[in-house]
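Here is the structure we will look at.
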Amino acid sequence: MKVLVVGGGGREHAIIKKLKESPRVTALYAAPGNGGIGRDAECVPIKATDVDAMVAYAVEHAMDFVVVAPDDPLVLGMVDAMNARGIPCFGPTKAAARIEGSKVFSKGLMQKYGIPTAAYETFSDPDAAIAYIRAGTLPVVIKADGLALGKGVIIAETLDEAVAGIDGIMRDKQFGESGNRVVIEEFMTGPEVTVLAFTDGTAIVPMVSSMDHKRALDGNKGLNTGGMGTIAPNPHYDDATAALCMETIFLPTISAMAKEGCPFKGCLYFGLMLTPKGPRVIEYNCRFGDPETQVVLPLLDSDLFAIMEAVSQGRLAEADIRWKPGAAACVVIASGGYPGKYQTGLAISGLDADGNREDACVYHAGTTCADGGFHTAGGRVLGVTAVATSLEEALADAYSAVDAIHFADRHFRTDIGKY
Ligand code: AMP
Ligand code: GLY
């Protein structure tokens with residue numbers, strides 16, 4: 001099987017390394033990939049959002065299967081376009097990807113089908129939004145309707161912050177058209193859990209739970225990032241909670257999507273908060289999480305390609321999905337300054353010729369490979385994952401590998417797994 005993975009970050013590297021283990025996969029391509037991914041797959045210089053060029057490449061090179069990993073090509077309809085040319089894919093259609101692409105859609109879905117989430121209102125007029133906030137309680141959560149690179153959420157503690165947030169999103173269009181509408185919601189409290197789930201639109205199989213660390217700095221301080229580190233399983237997520245989530249959130253969500261005429265096939269990401277009133281959905285994503293994938297897939301003990309194929313063929317109920325015992329931890333090494341401005345092109349030391357290490361698994365998020373060495377090329381540069389029998393050991397192993405990897409001004413959190 002010739003398999004093309006669309007995307008070029010740490011998540012895609014983790015998917016590719018797992019697909020490489022499958023006896024069914026004979027050739028792997030990544031578009032655009034990155035320096036480290038190039039050691040595990042053939043990189044094709046096509047932007048992940050260039051639907052026409054991607055489809056043309058897949059047709060011309062007779063790809064047997066395509067995995068569309070990032071949100072934006074999914075929301076743009078890349079899976080529909082591939083399917084129209086007869087190429088099977090792992091990933092949701094454009095209509096199903098609205099579950100992430102539009103907060104107004106996903107909140108409406110949850111309200112209509114009684115899926116527990118924060119109470120909310122939708123606004124397309126900034127003055128009405130501000131009047132609503134003035135009449136309510138603080139803190140309050142403001143979300144741009146559309147995709148905003150994970151930065152479209154503002155937790156306003158004061159009225160001034162809320163007004164500035166509405167102005168930035170709706171009047172100054174910080175996130176472009178994504179800010180034409182906002183969702184304003186109740187502030188919830190409790191531990192956060194990510195659950196990724198395979199679903200073919202009818203059956204749903206949750207993967208091992210995980211925990212992301214979104215803030216840039218230790219102590220959950222600093223700006224929100226794409227994710228600075230992850231652990232799996234999530235210590236807050238016990239079997240009773242998992243059973244409750246299955247009954248009140250996971251099954252109702254896939255049945256709601258089917259009833260709306262857009263069954264979801266692929267990996268559905270549940271961002272959950274375990275509030276004092278029970279588990280609530282913070283957000284859905286239409287794809288694998290990054291860097292959650294970098295701790296979840298290393299614990300998968302089955303053939304990822306066979307599962308993805310079963311999802312695309314509507315045979316998930318028959319798939320063999322087993323997990324390794326133990327735990328995984330991933331520490332992201334970022335460029336100094338991320339998520340703000342940062343330098344690129346800095347030489348990285350501490351990696352072998354394949355960009356890996358013996359004592360950990362190194363997923364490349366933003367690197368290039370030139371003159372036999374690896375250089376930084378993004379905000380998040382590497383995700384260093386260790387798997388061990390306990391979370392404590394996995395964290396110790398991941399941090400000891402991180403200590404041996406250097407580039408100028410590198411930054412990582414020292415407290416992954418402590419929350
Ligand atoms: P999101 O981009 O929707 O995942 O939101 C980013 C982060 O904002 C989440 O991981 C939560 O920590 C926080 N957040 C989002 N919505 C709420 C809410 N209603 N109450 C409290 N925190 C929230
Ligand atoms: N790690 C959060 C996300 O993938 O959206």
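Read the numbers this way: they start at 1 and go in the same order the structure lists the ligands and their atoms.
Of the N or O atoms in Asn285, one or more lie within a sub-3.5 Å distance of an N or O in ligand 2. Below 3.5 Å of separation, one finds an N or O of Met188 facing an N or O of ligand 1. Considering both main-chain and side-chain atoms, Lys214 never comes within under 3.5 Å of ligand 2 through any nitrogen or oxygen pair. Inclusion of Gly226 in the set of residues having an N or O under 3.5 Å from an N or O of ligand 2 is warranted.
Side chain of Arg39 to backbone of Gly36: no donor-acceptor contact under 3.5 angstrom is found. Within the 3.5 Å criterion, the main-chain N or O of Gly378 finds a donor-acceptor partner in the side chain of Ser335. In this structure a side-chain-to-backbone donor-acceptor pair under 3.5 Å is present from Lys18 to Leu300. Between the side chain of Arg413 and the main chain of Arg215, a donor-acceptor pair closer than 3.5 Å is present. The backbone N or O of Asp127 sits less than 3.5 Å from a side-chain atom of Asp125, completing a donor-acceptor pair. Here the side chain of Asn285 pairs no donor or acceptor atom with the backbone of Arg287 at under 3.5 angstrom.
Side chains of Asp145 and Ser102: a donor on one and an acceptor on the other come within 3.5 Å. A donor-acceptor contact closer than 3.5 angstrom links the side chains of Asp303 and Ser22. Glu292 and Ser210 share no donor-acceptor pair across their side chains, judged by distance under 3.5 Å alone. In the model, Asp397 has no side-chain atom that pairs as donor or acceptor with a side-chain atom of Ser400 under 3.5 Å.
At a 4.0 Å heavy-atom cut-off, ligand 1 touches Ile155 through the side chain alone. Contacts with ligand 1 closer than 4.0 Å are made by side-chain heavy atoms of Glu185 only, the backbone lying farther away. Contacts between Arg280 and ligand 1, counted as non-hydrogen atom pairs separated by less than 4.0 Å, are absent for every part of the residue. Only the side chain of Glu192 comes within 4.0 Å of ligand 1, judged by heavy-atom distances. With a heavy-atom cut-off of 4.0 Å, Glu292 touches ligand 2 through its side chain alone.
Contact atoms of ligand 1 toward Ile282: 15 (C), 16 (N) (distance under 4.0 Å to a heavy atom of the residue). Close approach of ligand 2 to Asp212 (heavy-atom distance below 4.0 Å) involves ligand atoms 1 (N), 2 (C). Annotation for ligand 1: atoms under 4.0 Å from non-hydrogen atoms of Glu186 are 18 (C), 19 (N), 20 (N). Every atom of ligand 1 with a heavy atom of Glu283 under 4.0 Å away is listed here by number and element: 1 (P), 2 (O), 3 (O), 4 (O). For ligand 1, the atoms closer than 4.0 angstrom to any heavy atom of Phe187 are 20 (N), 21 (C).
At least one heavy atom of Gly289 lies less than 4.0 angstrom from ligand 2. Put simply, part of Tyr269 is less than 4.0 Å from ligand 2, judged by heavy atoms. For the ligand labelled ligand 1, residue Lys103 lies inside the 4.0 Å heavy-atom shell.
Cation-pi contact between Arg24 and Phe305: absent, since separation from the ring centre below 6.0 Å together with deviation from the ring axis within 45° is not met.
Protein heavy atom closest to atom 5 (O) of ligand 2, with residue, atom name and distance, is Arg287 NH2, 2.9 Å.
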